[in-house]
Amino acid sequence: MGDVKYDVAIGLEIHVELATRTKLFCGCPSRFGAPPNTLVCPICLGLPGSLPVLNRRAVELGILAALALGAEVAAESVFARKNYFYPDLPKGYQISQYERPLATGGELSWEGPGGPRTARIRRVHLEEDAGKSLHGEDAARSGSAAGYSLLDFNRCGVPLIEIVTEPDLTSPEDARAFLETLRQLLAYTDVSDVKLEEGSLRCDANVSLRPAGAAQPGVPVEIKNVNSFRFVQRALAYEIERQAARLAAGHPVARETRQYREATGSTESLRSKEQAHDYRYFPDPDLVPVAVDPEWIESLRRSLPELPEARRARYRSQYGLTAQEAALVTASLPLAGFFEATVAGGADPREAANWLVGELARLLNAHAADPSALKIGPGHLVELLGLLAAGVLSRPLAKEVFEESFLSGRRPADIVQARGLSQTTDEAELARQVEAVLAAHTGPAGDYRAGKERALGFLVGQVMRATGGRANPGTVNRLLRDRLGREG
Amino acid sequence: MTVSRDDVLRVAALARLRFEEEDLERLAADMNAILGLVDQLDRVDTAAAAPMASVLPLVNAFREDEPAATLDPDDWLRAAPWREGPFPGVPRFVEE
Amino acid sequence: MSSLGSIDRLAAGMAAGEFTAVELAREALDRIATLDGRLNSFVTLTPERALAQAEAVDNARTRGETLGPLAGIPMALKDNLCTRGILTTCSSRALKNHVPPYDATAWCRLEAAGAVLLGKTNLDEFAMGSSTENSAFFPTGNPWDPGRVPGGSSGGSAAAVASGEVVYALGSDTGGSIRQPAALTGVVGLKPTYGRVSRYGLVAFASSLDQVGPLARTVADCARVLQVIAGHDPLDSTSLPAAVPDYVPSLTGDVRGLKIGVPTEYFGMGVDPEVASLVRAGIEVLAGLGAEVAECSLPTTAHALAAYYVLAPAEASSNLARYDGVSYGHRATGGRDLEELYTRSRQEGLGAEVKRRIMLGTYVLSRGYYDAYYLKAQRVRALVSADFEQALGRFDLLASPTSPEVAFARGERAGDLLRMYMADACTIPVNLAGLPAISVPCGFSRGLPVGLQLIGRQLAEATLLRAAHAYEAATPQWRRVPPLAAGQERGWET
């Protein structure tokens with residue numbers, strides 16, 4: 001035991017549900033949450049005699065994902081049958097791509113804590129989802145007799161892409177960051193709605209350890225179907241610790257499949273998987289190859305939005321945002337769009353970015369609001385920043401107006417007018433307030449005269465407070481300096 | 001290649017088939033007879049031939065992403081061997 | 001009136017008011033009642049539905065509506081074609097009670113053309129066999145001698161057509177399952193080009209080889225049925241998006257200048273000498289009609305059977321995995337757990353030949369054997385196909401025996417798998433190449449029918465039908481009535 005250090009290599013297999021209207025090989029709606037076994041037909045039920053016909057949109061979304069990952073789309077790809085028996089697999093095989101996937105290669109980069117990180121993509125392929133089994137309590141709730149599992153085929157045949165990475169990830173945090181970045185990319189490209197709670201993004205992880213610097217790769221262990229990013233991170237952390245302890249104690253690590261147990265935060269062996277699987281893949285004779293010509297690829301490439309990585313770089317160089325600001329403002333395509341439209345409306349880029357990642361994010365969070373259904377728009381923010389720059393609104397007042405605009409969708413100028421919020425510009429009135437404050441706070445006034453610059457800030461604050469925030473802090477500042485300087 | 005009794009058991013497990021003990025030898029013999037016929041393929045020079053999965057000259061047989069009719073559970077579960085409401089069911093199994 | 005007439009004569013008779021579709025259906029049902037106790041062509045009869053369909057046709061006629069090309073003609077479907085609301089068993093215990101919630105495309109098109117369905121015909125379980133003895137329910141008899149097999153797997157369809165129970169029937173052909181029973185029962189059977197007729201709703205045996213086609217007593221009837229069922233189907237990805245020509249006008253009787261190749265190899269392969277000489281005589285008839293006949297060679301043919309017995313079982317092993325007793329079909333009772341449910345349901349639900357092929361197919365696809373068997377067989381398939389392509393570059397058609405032998409006695413081949421498999425030696429290569437082929441009666445050996453097979457180019461069914469029709473017209477002596485149907489042959493001629 002002791003100080004042996006291990007190099008960790010993690011590879012991920014991510015299953016992503018595609019944002020099509022219908023299933024991969026039939027016209028059943030692929031939506032989530034319908035009553036059980038209502039989104040089915042002879043094809044997805046695998047009834048005798050039925051045949052699959054490929055959904056063009058699913059192929060396009062798969063290609064878009066491949067392009068977004070920089071993968072090379074195969075000129076021709078082929079569907080194969082993966083043969084195994086399982087109750088939620090009504091044909092006795094899953095239609096997937098095997099020897100000839102939709103795309104190969106590619107990579108994904110993100111900003112890690114220690115600098116930029118990149119993981120290579122091995123392949124991207126299309127496949128159909130299986131159905132769902134209800135066991136135990138779930139089954140009992142649905143009225144099942146004891147000892148039965150119930151089957152719901154609504155998901156069966158829903159289109160997925162499987163994205164397989166090379167084992168380039170080096171820590172659980174790294175894996176999680178990769179997944180977050182991937183989710184962002186998939187949402188950007190509208191390939192998937194990436195709703196984790198609906199299972200539209202699921203992950204298997206392979207992890208192997210080897211003594212630091214050793215040439216021989218470690219024995220990979222597969223962790224199946226972990227359904228949240230947090231759990232991926234935890235499962236990997238547990239698994240790395242488990243393997244390290246075994247290796248340090250001189251025990252070999254078995255090549256096996258393990259399952260993460262959420263309750264205990266641990267992984268455990270799936271012995272049933274150890275019986276050698278033999279999927280007997282062969283090309284599905286019910287389907288013809290998918291041929292993708294360069295024109296098709298180009299037209300899809302043109303439909304892609306500017307992707308997060310390119311956008312971050314551009315925001316930094318074009319708008320002078322910091323790396324962090326750029327990362328925050330590109331977190332989602334709608335937010336980035338909001339930002340660009342605000343800047344296009346004449347707002348200062350950094351000011352706009354700060355309002356979006358500060359105030360807007362805070363309000364979205366505080367009101368648990370849906371970012372895709374905002375009442376406030378770029379025009380509102382441009383107007384607000386204009387009022388701020390013109391001195392009509394103080395910063396605290398601007399925040400109030402922003403919040404009201406966020407909640408009601410009203411224009412900032414209308415709000416200012418209706419509530420009489422605009423800054424007072426009547427200098428005689430302000431001069432009276434200044435006199436009153438100086439009379440009430442002779443101590444700080446003396447401190448300022450004695451050279452304590454800070455005391456001025458206190459006095460400005462007092463005037464602001466006395467005017468209900470409607471005073472222009474710059475004007476107050478000038479009046480105070482003039483007043484105290486004249487006496488001094 | 002000769003199919004042994006163990007091969008038969010291995011393949012039967014994959015195919016979820018079960019045979020009576022007394023049928024295993026006979027089945028192995030049948031499979032060997034057919035594979036004996038098949039073994040003549042070894043004599044064919046296929047160096048220049050690519051595997052032919054289909055005779056069709058087709059690619060890209062697509063459907064558009066348009067919803068089509070679905071079945072009511074009563075349409076397809078009428079003769080289900082075991083049914084609970086809208087669900088078919090099987091003896092409880094452990095999720096892998 | 002007689003249900004034994006050809007489609008055009010029956011259609012004309014109904015149009016002229018000589019008889020109604022209901023009368024025709026009743027007559028056919030009566031004939032089935034008389035004959036089917038001995039033949040067992042049918043697994044399921046649908047008399048109420050048939051009479052209702054016939055009545056609908058008669059009513060439409062009375063109202064002066066335009067009728068479909070097959071309106072009122074009694075017919076049958078092989079019981080591996082799905083029919084909504086009607087049992088579709090594949091002659092398997094696994095699907096004994098299976099009622100599909102949808103219709104096969106080929107049946108949809110026939111129904112829209114006015115077809116009157118009398119029932120579903122027997123087959124070798126899941127179309128695996130050459131004698132219809134592998135039906136889980138009962139064997140079907142050959143109308144020429146009920147103690148002999150009608151061939152298979154579309155033996156029920158062939159027997160029903162040959163005996164005059166129906167005017168035509170659909171079958172499916174994976175390695176000869178339309179043509180071989182047509183030959184053994186003395187009717188015409190057409191396997192169209194792979195992709196010409198939709199497979200949607202045809203319960204799959206080997207998907208890359210299966211094709212739906214007609215059996216009828218005349219070439220013209222086959223042409224009329226093909227006309228209705230052929231054409232692209234958006235529900236079948238392997239359906240060819242090619243226009244369907246008008247087949248009936250191509251039946252000109254003129255084969256002058258048609259180049260017919262005679263592949264020497266097809267007269268070896270265990271072909272009975274009497275069968276061979278009848279087929280050669282048939283080819284001479286075509287030569288006499290002006291066709292240019294020459295010998296040719298398809299060297300890889302000898303290996304087609306071997307390749308087929310890798311590829312077809314491999315696909316079947318996957319296609320039949322769905323019969324697991326979970327949401328439809330046979331489920332064994334008393335299974336304690338899931339694994340037992342699977343294995344016992346499949347053990348009980350599937351017959352010996354089906355299990356044998358599933359085992360074989362699983363084996364050749366399994367780890368370590370895939371390359372040696374499956375990929376090798378696919379390569380040989382490419383060579384078989386290339387042989388045909390080369391020969392059909394020189395010839396318009398190829399001619400051969402359909403079956404090496406005439407109908408054999410029931411039970412005769414039960415213990416001899418390979419001899420049984422040889423029954424398809426002349427037809428299997430055609431499926432591997434996906435080409436169209438037709439079997440037409442070309443004589444009798446020991447009182448049993450013999451079939452002449454003509455093989456055409458991709459989508460060249462019109463040429464095939466033209467040659468077969470010319471041959472048929474020149475050889476009226478081969479259009480005989482089976483003894484079993486004797487005395488009922490009124491109207492047999494067209």
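Lettering of chains follows the sequences in order, A, B, ..., and the numbering in each one begins at 1.
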If one checks every heavy atom of C/Y194 against chain A at 4.5 Å, the contacting part turns out to be side chain

The side-chain hydrogen bond (donor to acceptor under 3.5 Å, both in side chains) partner of C/K78 among C/S177, C/S153, C/S157 is C/S153

Chain A heavy atoms under 4.5 Å from C/N319: which part of the residue, side chain, backbone, both or neither?
both

Looking at C/C82, C/S207, C/A104, C/P234, which makes the most heavy-atom pairs under 4.5 Å with chain A?
C/S207

Is C/D233 reaching over with its side chain to a backbone N or O of C/V197, donor-acceptor style, under 3.5 angstrom?
no

For chain C, the option from A/C26, A/P52, A/P90, A/G49 that forms the most heavy-atom pairs under 4.5 Å:
A/G49

Under 4.5 Å between any side-chain heavy atoms of A/V221 and A/N206, yes or no?
no

What residue, out of C/S198, C/P100, C/S318, C/C90, has the most heavy-atom pairs lying under 4.5 Å from chain A?
C/S318

Indicate whether any N or O donor in one side chain lies under 3.5 Å from an N or O acceptor in the other, for C/T193 and C/Q458.
no

Max heavy-atom pair count under 4.5 Å with chain A, selected residue of C/S208, C/S366, C/G329
C/S366

Are any of the side-chain heavy atoms of A/Y93 and A/Y84 separated by less than 4.5 Å?
no

Applying a strict 4.5 Å limit to non-hydrogen atoms, the region of A/D286 in contact with chain C is both

Just one of A/K91, A/K82, A/K23 clears the salt bridge (Lys or Arg N to Asp or Glu O under 4.0 Å) bar with A/E128, so which one?
A/K91

Most heavy-atom pairs under 4.5 Å with chain C, out of A/P48, A/P285, A/C41, A/G92, belong to A/P48

Relative to chain A, which segment of C/A206 carries a heavy atom at a distance below 4.5 Å: side chain, backbone, both, or neither?
neither

Given a strict heavy-atom distance threshold of 4.5 Å, which part of C/Y374 is in contact with chain A: side chain, backbone, both, or neither?
side chain

What part of A/P87 gets within 4.5 angstrom of chain C, counting heavy atoms only: side chain, backbone, both, or neither?
both

A/S200 versus A/E17, side-chain donor and acceptor atoms under 3.5 Å:
no

So, A/R202 side chain and A/V226 main chain: donor-acceptor pair closer than 3.5 Å or not?
no

Could you tell me whether the side chain of A/L126 reaches within less than 4.5 Å of the side chain of A/L18, counting heavy atoms only?
yes

Which atoms of C/L338 approach chain A - backbone, side chain, both or neither, heavy atom under 4.5 Å:
side chain

Chain A heavy atoms under 4.5 Å from C/S327: which part of the residue, side chain, backbone, both or neither?
side chain

Counting only non-hydrogen atoms closer than 4.5 Å, does C/L95 touch chain A with its backbone (N, CA, C, O), its side chain (CB onward), both, or neither?
side chain

